[in-house]
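The structure appears right after this line, and notes come after that.
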2 protein chains.
Amino acid sequence: MPKREAAKPPSPADDAVMNDMTPCNNLALRQAARHVSQIYDRHMAEAGLRGSQYSILSKLSRLGALPIGRLAEAMVMDRTALGRALGPLERDKLIKVGEGPDGRTRSVSLTALGQTRLAEAAVLWRKAQDEFEARFGVVEAESLRATLKRVVNTV
Amino acid sequence: MPKREAAKPPSPADDAVMNDMTPCNNLALRQAARHVSQIYDRHMAEAGLRGSQYSILSKLSRLGALPIGRLAEAMVMDRTALGRALGPLERDKLIKVGEGPDGRTRSVSLTALGQTRLAEAAVLWRKAQDEFEARFGVVEAESLRATLKRVVNTV
DNA sequence: CATGGATACGTGCATATGCATGTATTGGCA
DNA sequence: TGCCAATACATGCATATGCACGTATCCATG
């Protein structure tokens with residue numbers, strides 16, 4: 001039963017900081033997300049977008065106009081969280097949030113400016129994607145995405 | 001070349017919302033992280049903690065007192081981000097942020113109350129962990145964590 | 001047509017996260 | 001010893017995220 005001694009020479013406490021294999025799935029996911037997000041954010045910054053904002057514009061482009069709730073679902077995001085995330089995008093005229101067919105529903109859609117910006121950002125996204133996959137591996141990345149999709153769909 | 005027609009009967013736009021296999025690693029990671037975080041947060045709420053806070057206390061417990069920068073490293077988190085995240089924990093007396101040996105360094109450590117709370121929360125963490133792994137698979141989860149660790153270490 | 005439950009949102013609160021910048025200390029060197 | 005680069009933080013800003021609630025609509029019924 002080691003693990004309990006207190007007086008250990010002040011030496012390699014360094015390893016401890018990196019070596020532990022966290023058993024927590026939540027922590028593992030958040031760390032990876034934080035880490036990778038920085039890569040995408042760094043590239044996307046050149047277009048004045050966060051990686052997360054690019055994701056929203058991108059998703060919106062692929063799905064076309066749809067109510068907030070639906071978009072939130074597609075983004076695997078809380079409805080209210082998405083609602084606020086739309087703020088900056090609407091302020092910058094990249095998206096339009098108008099009345100939906102239903103009196104309660106609101107319709108979110110890309111503006112022309114939004115489409116343009118998305119196209120510009122797509123180039124930067126590709127760079128970020130390449131940077132990540134160059135180091136992590138293209139095949140491994142595809143496998144990772146499939147696994148993560150299962151995480152979202154299964155649980 | 002399908003994919004381009006505009007007038008499709010207003011039918012299964014439903015699929016579109018769920019079916020697309022996003023090629024973006026960043027989005028995939030964030031979605032999974034959001035999704036899983038909710039599970040852990042929900043359980044941890046009973047102890048008045050966020051899943052992320054539990055992670056910090058846990059990490060702190062395993063590493064012992066150490067400067068903010070080091071803890072941030074271990075958490076794979078921006079130093080300033082962690083600095084602020086410590087606020088609520090310090091306010092609730094779960095951790096203590098005191099002077100470090102170095103005039104500039106600050107030392108973060110668990111308080112007795114923090115250790116107690118951590119122990120209580122550990123039970124809830126186990127429930128969350130079980131809930132996730134019951135559906136996703138224990139083996140698969142372990143594999144996922146290993147992969148995510150590689151994401152953090154590699155890139 | 002009035003009404004209760006279901007829908008689709010918006011708000012108040014509180015945390016979580018990072019970047020750019022500014023500040024205080026340390027340490028090494030001319 | 002005096003000065004500068006490196007180190008370790010703190011702050012101002014701006015997003016990102018969710019929960020608990022409260023509100024406006026819609027809809028199916030009696």
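In what follows, chains carry the letters A, B, and so on, assigned in the order in which the sequence lines appear, proteins first and then strands, with residues in each chain numbered from 1.
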B:Arg50 vs D:dT17: side-chain N/O to OP1/OP2 distance below 4.0 Å:
no

Determine the contact category for B:Arg79: base if any of its heavy atoms lies under 4.0 Å from a base atom, sugar-phosphate if only primed atoms, P, OP1 or OP2 are that close, otherwise nothing.
base

So which one's nearest nucleotide on DNA chain C is more toward 5', A:Asp41 or A:Arg104?
A:Arg104

Quiz question: by atom type and distance under 3.5 Å, do the side chains of B:Ser58 and B:Arg62 form a donor-acceptor pair?
yes

Verify the contact: side-chain N or O of B:Ser52 to OP1 or OP2 of C:dA16, cut-off strictly under 4.0 Å; return yes or no.
yes

Let me spell it out: for each of A:Ile56 and B:Ser107, pick the nucleotide of DNA chain D with the closest heavy atom. Which residue's pick is nearer the 5' end?
B:Ser107

B:Gln31 CD to D:dA16 C1': how many Å, rounded?
14 Å

Does the D:dC9 base have a donor-acceptor partner in the side chain of B:Thr80 within less than 3.5 Å?
no

Rounded to whole Å, the CD-P distance (A:Gln38 to C:dA16) equals 17 Å

B:Arg91, nearest nucleotide to its side chain (from C:dC9, C:dT15, C:dT11)
C:dT15

Roughly, in whole Å, what's the span from CZ in A:Arg106 to P in D:dT25?
12 Å

Flag the pair B:Glu131 and B:Arg135 as a salt bridge only when some basic side-chain nitrogen lies within less than 4.0 angstrom of an acidic carboxylate oxygen.
yes

Spacing between A:Ile39 atom CD1 and C:dT17 atom P, to the nearest angstrom:
17 Å

So, does A:Arg84 get its side chain near the phosphate of D:dG18, meaning an N or O under 4.0 Å from OP1 or OP2?
no

Does either side chain, that of A:Asn25 or that of B:Tyr40, offer a donor lying less than 3.5 Å from an acceptor on the other one?
yes

If each of A:Gly103 and A:Gln53 is mapped to the nucleotide of DNA chain D with the nearest heavy atom, which maps nearer the 5' terminus, i.e. the 5' end?
A:Gln53

Salt bridge check, A:Arg145 against A:Glu133: does any charged N sit closer than 4.0 Å to a carboxylate O?
yes

Taking CD from A:Glu99 and P from D:dC26, how many angstroms apart are they, rounded to a whole number?
11 Å

Are any of A:Arg34's side-chain N or O atoms less than 4.0 Å away from OP1 or OP2 of C:dT17?
yes

Length of the line joining B:Leu82:CG and C:dC19:P, which is rounded to integer Å
14 Å

Using a 4.0 Å heavy-atom cut-off, does B:Thr105 contact any base of the nucleic acid, only the sugar-phosphate backbone, or nothing at all?
sugar-phosphate

Verify the distance criterion only: is there a donor paired with an acceptor across the side chains of B:Arg30 and A:Ser55 at less than 3.5 Å?
no

Starting from C1' on C:dT11, measure out to CG on A:Asp78 and report it in whole angstrom.
13 Å

Across the strands shown, which category fits A:Gly83 at heavy-atom distances under 4.0 angstrom: base, sugar-phosphate, nothing?
nothing

Specify the separation, in whole Å, of atom CG of B:Leu86 and atom P of D:dA8.
16 Å

